[in-house]
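To start, the structure itself, in structure tokens.
Note that the coordinates shown come from a computational prediction; the quantities given were computed from them, not determined experimentally. Letters go in sequence order (proteins before strands), and every chain restarts at 1.
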Protein chains: 2
Amino acid sequence: MINYQLLNECPVFKGVAENETRKLLQQVHYQVKKFSKGDIVAIAGEQISNLFIILSGSVRGEMIDYSGKTIKIEDIEAPRPLATAFLFGSENRFPVTVTTNNSVEIFSISISELLRLMQLNSVVLKNYLDSISSRTQFISQKLHFLSFKTIKEKIAHYLLQKAGDRLHSFQLNSTQQQLAELFGVTRPSLARVISEMQREKLIIIDKKTVTLLNKQKLNELLRNG
Amino acid sequence: MINYQLLNECPVFKGVAENETRKLLQQVHYQVKKFSKGDIVAIAGEQISNLFIILSGSVRGEMIDYSGKTIKIEDIEAPRPLATAFLFGSENRFPVTVTTNNSVEIFSISISELLRLMQLNSVVLKNYLDSISSRTQFISQKLHFLSFKTIKEKIAHYLLQKAGDRLHSFQLNSTQQQLAELFGVTRPSLARVISEMQREKLIIIDKKTVTLLNKQKLNELLRNG
DNA sequence: TTGAATTTGTAACAATTGATACAGTTTACC
DNA sequence: GGTAAACTGTATCAATTGTTACAAATTCAA
């Protein structure tokens with residue numbers, strides 16, 4: 001028996017009334033598969049033909065490298081769907097091998113039935129589109145951020161974005177350590193560059209209060225990067 | 001009058017019979033807007049409420065920086081759609097300001113009507129999902145690649161991927177210059193690291209023939225990065 | 001084959017960042 | 001208020017990459 005309440009917490013069915021979900025699922029084919037701890041749900045590179053939603057338990061995504069060792073990538077817990085961005089598109093294969101961490105129930109629906117489901121219910125359709133799109137937006141923002149090479153550029157971009165329209169000062173809510181991690185650099189390197197930028201009278205950072213002294217030059221840093 | 005043939009070349013309507021497209025469009029609301037050269041189609045940050053498909057002419061996407069200057073990002077020509085990954089999701093705003101390069105005709109359909117369209121025709125639905133997904137997959141591959149910090153790691157990853165299952169040698173079809181651009185590094189730096197890796201007996205590159213001497217160690221490079 | 005254009009290998013030096021260490025400051029909690 | 005923990009500023013040295021320059025090797029077309 002499916003736990004409809006749980007299914008409705010999943011991004012795909014969110015906002016659909018519980019009895020509506022029940023009615024929808026009567027009109028399409030789907031399966032609920034049970035796995036034991038340690039079972040392999042999918043192998044990296046395998047064609048994806050079904051949407052999987054974890055109903056209970058958790059799974060992990062692992063990559064297998066060229067020499068055969070496995071590296072854990074991420075954990076996925078109920079009630080999240082698997083690989084929504086890889087169901088469609090030109091390269092619809094599992095990017096990772098998926099293994100169960102414990103007893104797991106998985107809701108499984110084929111692509112064609114999922115398409116039917118989306119055509120039957122516009123909320124499900126919109127949910128799915130929102131889900132893929134949000135992920136794309138998140139990744140492309142991250143990519144944009146990575147495109148700045150030097151630490152100075154990263155700081156300039158981060159602060160200009162944080163500042164927005166504010167003319168003068170604003171508060172930071174992260175520590176240098178956290179920023180360093182966000183930027184993917186070491187903490188002393190970040191501190192050093194911040195010092196430089198203060199000496200160059202580009203910014204002032206006093207505790208957590210940031211003041212941008214020269215937005216013009218901060219922008220030029222991004223242009224010439 | 002709409003050029004249905006052109007519309008059918010667009011990723012959204014691809015694979016739909018021309019008369020089927022005609023029939024579909026009779027069932028939904030849409031507009032064809034005409035713009036003159038230099039007109040602004042959309043402003044960065046503006047909410048996206050319509051899918052735009054360029055029917056004729058071309059537009060450019062520009063970002064306006066914090067000081068007011070504009071930087072061109074890309075050109076989009078007929079019959080491509082605009083910002084398909086930004087129509088949905090949490091941040092459904094134009095990432096760029098869109099300006100026409102010449103006389104332009106744009107097919108415009110609201111989100112709600114687009115949803116209806118996708119529910120009426122499963123090919124359109126699948127096309128749209130494929131389109132967003134492919135983009136996500138492309139970007140996330142790029143992101144993965146950028147996650148390797150040193151040039152050595154990038155080379156190792158690139159060559160291992162190119163090699164695939166082949167045990168010994170294979171041919172490269174790019175020049176060092178092209179690889180350097182792909183990696184986002186300078187050509188002499190790339191050449192230097194390749195020399196080092198040959199001295200360390202990890203690889204041999206003779207003209208365009210690559211031989212991986214120690215896949216094991218190449219993999220370890222990626223792990224400890 | 002020859003000659004020009006492209007590609008490659010390499011060197012010397014500058015710039016940037018990482019690694020490590022340590023002392024001074026701030027914050028949080030008792 | 002006091003103490004421990006976390007955070008910050010800074011210094012030194014090593015590693016990596018960028019910049020610039022030049023010569024050798026290769027490719028391609030005439």
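Residues B:P188 and B:K152 both approach DNA chain D. Their nearest nucleotides, taken by heavy-atom distance, put B:K152 toward the 5′ side.
Scored by the salt bridge (charged side-chain N to carboxylate O under 4.0 Å, His left out) test, A:R192 finds no partners at all (sequence neighbours excluded). Residues satisfying the salt bridge (charged side-chain N to carboxylate O under 4.0 Å, His left out) criterion with A:E200, sequence neighbours excluded, are A:K152. With sequence neighbours excluded, the residues satisfying side-chain contact (heavy atoms from CB on, under 4.5 Å) with A:S90 are B:S134, B:Q137. For B:K34, the salt bridge (charged side-chain N to carboxylate O under 4.0 Å, His left out) partners two or more places apart in sequence, or in a different chain, are B:E105. Qualifying salt bridge (charged side-chain N to carboxylate O under 4.0 Å, His left out) partners for B:E91, counting only residues two or more places apart in sequence or in other chains: B:R93. The side-chain hydrogen bond (donor to acceptor under 3.5 Å, both in side chains) test applied to A:T136 returns B:T136, not counting sequence neighbours. Here B:S58 pairs with B:E77, B:N101, B:N102 under the side-chain contact (heavy atoms from CB on, under 4.5 Å) rule; sequence neighbours left out. Residues satisfying the side-chain contact (heavy atoms from CB on, under 4.5 Å) test with A:R187, not counting sequence neighbours, are A:Q176, A:Q177, A:A180, A:A191. When the ring-ring contact (aromatic ring centres under 6.0 Å, His included) test is applied to A:F35, no partner is found at least two apart in sequence or on another chain.
Read 5' to 3', the first and last nucleotides of DNA chain D with an atom closer than 4.0 Å to a heavy atom of chain A are D:dC7 to D:dT12.
Between A:H157 and A:F148, the ring planes are tilted. Angles from 30° to 60° get that label. Note: B:F107 and B:F13 have perpendicular aromatic rings, judged against thresholds of 30 and 60 degrees for the angle between ring planes.
B:I205 has its CD1 atom 8 Å from the P atom of C:dG9, to the nearest Å. Here C:dG18 presents its C1' atom at 10 Å from NZ of B:K149, a figure rounded to the nearest Å. The nearest whole Å value for the distance from the CG atom in B:L172 to the C1' atom in C:dT8 is 14 Å.
Close to C:dT7, at under 4.0 Å from its OP1 or OP2, lies no side-chain N or O of B:K208.
Within residues 190-203 of chain A, the residues that have a heavy atom under 4.0 Å from DNA chain D are, in order of number, A:A191, A:R192, A:S195. Contacts with DNA chain D (heavy atom under 4.0 Å) in residues 174-187 of chain A: A:T175, A:Q176, A:Q177, A:R187, listed by number.
Within 4.0 Å of B:K207, counting heavy atoms only, lie sugar-phosphate atoms of the nucleic acid but no base atom.
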